[in-house]
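The basis for the numbers below is simple: all heavy atoms, side chains too, and nothing from hydrogens, waters or symmetry mates. First listed ligand is number 1; within each ligand, the first listed atom is number 1. Just so it is clear, the structure is predicted and the values come from calculations on it, not from any experiment.
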Amino acid sequence: MFSAPGYVTADGELLRRAIEKVLRNAIQHTQEGTRVQLFGGGGQHEAVIAVRDWEPGVPDQALAGIFQPFYRIDAAQGRSSGGVGLGLSIAQRAVAVHRGTIFAENCAPGLRVTIRIPRD
Ligand SMILES: Nc1ncnc2c1ncn2[C@@H]1O[C@H](COP(=O)(O)OP(=O)(O)OP(=O)(O)O)[C@@H](O)[C@H]1O
Ligand SMILES: [Mg+2]
């Protein structure tokens, strides 16, 4: 079963946290009345997990920056509007431990964050 496409050998707790942080962001940011979509799949060489929300996305020039520690789009509005800006940097480190990648793209509307973990 574990040799089936999409399965990886991983630190389950680390990966769980990474996915949770991405999911929390999506739920927090998506427009009221919309949905959050979680995709899981992959193939012979990697597992793929993607989370998409609907609105507002992030400015294109911030798509890489949101993975930096303490980077927040709405930082000027203070802590009341969200967290401290660590979630995605923690997720990125957890993914990197597995030699994987994480990136964000705008879907117009919404943001999709994709995690790719190579198989052994
Ligand atoms: N799904 C999303 N839609 C829109 N903006 C997002 C989304 N996910 C992250 N962001 C932007 O990226 C920033 C960084 O996200 P990150 O998860 O690292 O920190 P945070 O959510 O602000 O705080 P923390 O996760 O530490 O509680 C957020 O402040 C927000 O501006
Ligand atoms: Mg967060």
* Do Leu63 and Asn106 have side-chain heavy atoms sitting under 4.5 Å apart? -> yes
* Under a heavy-atom criterion of less than 4.0 Å, does Gly57 contact ligand 1? -> yes
* Asked: Hey, any chance Phe103 and Leu23 share a hydrophobic cluster, counting ILVMFWY side chains that come within less than 4.5 Å of each other, even indirectly?
  -> no
* Asked: In terms of atom number and element, which parts of ligand 1 are under 4.0 angstrom from non-hydrogen atoms of Gly85?
  -> 18 (O), 19 (O), 20 (P), 22 (O), 23 (O), 24 (P), 26 (O)
* To do: For ligand 1, note which part of Ile73 has a heavy atom under 4.0 Å away: side chain, backbone, both or neither.
  => both
* Asked: Under a 4.5 Å cut-off applied to non-hydrogen side-chain atoms, are Ile102 and Phe67 in contact?
  -> yes
* Asked: Are Val36 and Val22 connected in the hydrophobic side-chain network, where two residues link if heavy atoms are under 4.5 Å apart?
  -> yes
* Relative to the heavy atoms of Tyr71, which atoms of ligand 1 are at a distance of less than 4.0 Å? -> 13 (C), 14 (C)
* Asked: Are Ile66 and Val113 side-chain neighbours, meaning at least one heavy-atom pair lies under 4.5 Å?
  -> no
* **Check: His98 and Leu15 side chains under 4.5 Å, non-hydrogen atoms** => yes
* To do: Under 4.0 Å from a heavy atom of Leu88: give me the atoms of ligand 1 that qualify, with their elements.
  => 9 (C), 15 (O), 16 (P), 17 (O), 18 (O)
* Asked: Would you call Glu13-Arg16 a salt bridge at under 4.0 Å N-O?
  -> yes
* Can you find an N/O atom of Leu111 closer than 3.5 Å to an N/O atom of ligand 1? -> no
* Asked: In ligand 1, which numbered atoms sit nearer than 4.0 Å to a non-hydrogen atom of Ile66?
  -> 11 (C), 12 (O), 14 (C), 18 (O)
* Asked: Quick one: are Arg116 and Glu46 in side-chain contact, heavy atoms under 4.5 Å?
  -> yes
* To do: Below 4.0 angstrom from a heavy atom of Val58, which ligand 1 atoms are there? Numbered from 1 as shown, please.
  => 4 (C), 5 (N), 6 (C)
* Measuring to the Mg ion (ligand 2), does Asn25 have an N/O/S atom at a distance below 2.8 Å? -> yes
* **ligand 1 atoms in contact with Asp53 (distance to a heavy atom under 4.0 Å)** => 1 (N), 2 (C), 3 (N)
* **Heavy-atom nearest neighbour of atom 7 (C) of ligand 1 within options Gln28, His29, Arg24** => His29
* Taking both backbone and side-chain atoms of Asn25, is any N or O found less than 3.5 Å from an N or O belonging to ligand 1? -> yes
* Hey, is Phe67 touching ligand 1 through its side chain, its backbone, both or neither, going by heavy atoms under 4.0 Å? -> neither
* **4.5 Å side-chain heavy-atom contact, Lys21 and Ser89** => no
